[in-house]
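Notes for the one structure printed next.
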Amino acid sequence: MSQIIFELSKPGRKAYSLPELDVPDQRIEDLLPGNEIRKEPAQFPEVSELDVVRHFTRLSKKNYGVDDGFYPLGSCTMKYNPKVNEDVSRLPGFALSHPYQPEELSQGSMQIIYELDKYLSEISGMSRVSLQPAAGAHGELAGLMIIKKYHEELGEHRRNKVIVPDSAHGTNPATATVCGYETVEVKSNPRGGVDLEELKKAVGEDTAALMLTNPNTLGLFDENIEEIANIVHEAGGLLYYDGANMNPILGVVRPGDMGFDVIHYNLHKTFSTPHGGGGPGAGPVGVRDFLVPYLPKPMIEYNEEEDRYYMDYDLPKSIGKVKSYYGNFGVAIKAYSYIRALGAEGIKSVAEHAVLNANYLMRELAEAYHLPFDQTCMHEFIITPKPFKDKGVRTIDIAKRLLDYGYHPPTIYFPLIIEEAMMFEPTETESKETLDSFIEAMKQIAKECVEKPEIVINAPHETEIKRLDEVTAARKPDLRWQG
Ligand SMILES: *Cc1c(COP(=O)(O)O)cnc(C)c1O
């Protein structure tokens, strides 16, 4: 095992050499109030440049990402994001522009935001889109704030409930709660969709909105979507579309046409920003025409006569600002570049291949595992290790065994309504050869589950670290080195 960087420390060793200062030194005491200054210097490791480079390079090799291999994490769309879009977002004209630059000097950047609003609106069937929210959950919050303000303007103060299906992503009820709503859960029917009778019982004069993911987290498209929309609208509620996973519907079907009023997108899932490392991302919020006045401000508009883009702050009904400046602009550029490069045909083929890949993988894996919903899936699907229950093999064991085969595991134990769920999303960017190799690994593991289950139950065997206490690692991370 290589030494960690603190153990390499030698007093006085440095990773830089600078010439003597030939200007007056800025004293820290002149810059910060006394109580803000450390009494003793921080105990950083004292190492050479080479030590630092090797340390971080070594750490980077312990990581696993889409650029290393297949990453079928359901609901996360860990697809390959073309590097050219990264290059475009780093063009100096974009990357070095300042948000306080005058409008005359920001026309190109403003045009990108304005046109991306148009493209995203066209893709979802909405009227306008704000790029301000920084993540999916943030887009949800902006969307519900819009819905809340709309009802309040109509004097409908009693609408204090948001309906969420039991298959929903955890951010949906969390957002409703943060926004001051009470969450009402509706059950799924045997085909994985919203149970219409349950929904009819749940809606009423107190309904503010239904939050729905369609296709849902089971990877299934709700066939009753038009009826669902009617039930909610007739009760005076609005329909919120969780568009985090747009891959399977791009260019094929639009939330606006399904009857939705508000939507958020995850640019860091669908539109070419890598994610999983903590950001930055973007969760634009889109709305139907009657909700446009409530969008976050400013909106970017185009004056045709003067051929000039400008910021419109004169939006009295707006929910206000939800993010500094105009959101994570670099993410918007990647989405813009991605959409422009694909064009209308390319956008549609993303959806077609995402759905084709998922169904191919699902059918192959169903030969060895249990398939709770034997229906055509969209971008993702669920299988379970039910056939190996009597051998004592659980989902966590299969996920860990996949690490030995060099794959990132699928999403596990979600959605909560399926016992021992394993949720796979292959995405459109994987080749048939990659999928076939993965299928072979999964079938091999299934065989092990029957013939020598202890190998699976005690996995992983090949990784540097075995089974972590992941909950404690996340809740109480021990980030200090104490020698
Ligand atoms: C990822 C996801 C979200 C939340 O997006 P964040 O950017 O992580 O906040 C919401 N809903 C669904 C269905 C998702 O997959």
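First listed ligand is number 1; within each ligand, the first listed atom is number 1.
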(request) From the options H275, E425, K269, select the one whose nearest heavy atom is closest to atom 14 (C) of ligand 1. (result) K269
(request) Would you kindly specify which portion of E140 sits under 4.0 Å from ligand 1, judged on non-hydrogen atoms: side chain, backbone, both or neither? (result) side chain
(request) I would like to know whether H233 and L239 meet side chain to side chain contact (heavy atoms under 4.5 Å, CB included); could you show each step before the answer? (result) CA-CA 8 Å; H233 281 148; L239 262 89; 3.7 Å; yes
(message) At less than 4.0 angstrom from any non-hydrogen atom of D242, what atoms of ligand 1 do you find?
(response) 10 (C), 11 (N), 12 (C), 13 (C)
(request) Give the residue and atom name of whichever protein heavy atom lies nearest to atom 10 (C) of ligand 1, and the separation in Å to one decimal. (result) T171 OG1, 3.2 Å
(request) Could you tell me which atoms of ligand 1, counted from 1 in the order shown, lie closer than 4.0 angstrom to a heavy atom of N245? (result) 13 (C), 15 (O)
(message) Taking 4.0 angstrom as the limit and counting only heavy atoms of A244, give me the atoms of ligand 1 inside it, by number and element.
(response) 2 (C), 3 (C), 10 (C), 11 (N), 12 (C), 13 (C), 14 (C), 15 (O)
(request) Considering the heavy atoms of A135, write down every atom of ligand 1 situated less than 4.0 Å from one of them. (result) 7 (O), 9 (O)
(message) In terms of relative ring orientation, are Y64 and Y71 parallel, tilted or perpendicular, with 30° and 60° separating the classes?
(response) tilted
(request) Check whether any N or O atom of S75, backbone or side chain, sits under 3.5 Å from an N or O atom of ligand 1, and answer yes or no. (result) yes
(message) Please tell me whether N85 and S272 have a donor and an acceptor in their side chains that are separated by less than 3.5 angstrom.
(response) yes
(request) Run the salt-bridge test on D195 and K187 with the 4.0 Å N-O cut-off and return the result as yes or no. (result) no
(request) Tell me, please: is H268 in heavy-atom contact with ligand 1, that is, under 4.0 Å? (result) yes
(request) Find all atoms of ligand 1 within a distance of less than 4.0 Å from any non-hydrogen atom belonging to G136, and give their numbers and elements. (result) 5 (O), 6 (P), 7 (O), 9 (O)
(request) State whether R467 and D397 are salt-bridged, where the test is any N-O pair (Lys NZ or Arg NE/NH1/NH2 against Asp/Glu carboxylate O) under 4.0 Å. (result) yes
(message) Taking the six-membered ring of Y338 as reference, does the cationic atom of K334 (NZ for Lys, CZ for Arg) lie under 6.0 Å from its centre and within 45° of its axis?
(response) no
(message) For E425, is there an ion pair with K79 - N to carboxylate O distance below 4.0 angstrom?
(response) no
(message) Check this for me: does any side-chain nitrogen of one of D374 and R191 sit under 4.0 Å from a carboxylate oxygen of the other?
(response) no
(message) Could you check whether atom 8 (O) of ligand 1 has a protein contact, counting only heavy atoms that fall below 4.0 angstrom?
(response) no
(request) Please indicate whether any nitrogen or oxygen in N266 is less than 3.5 Å from any nitrogen or oxygen in ligand 1. (result) yes
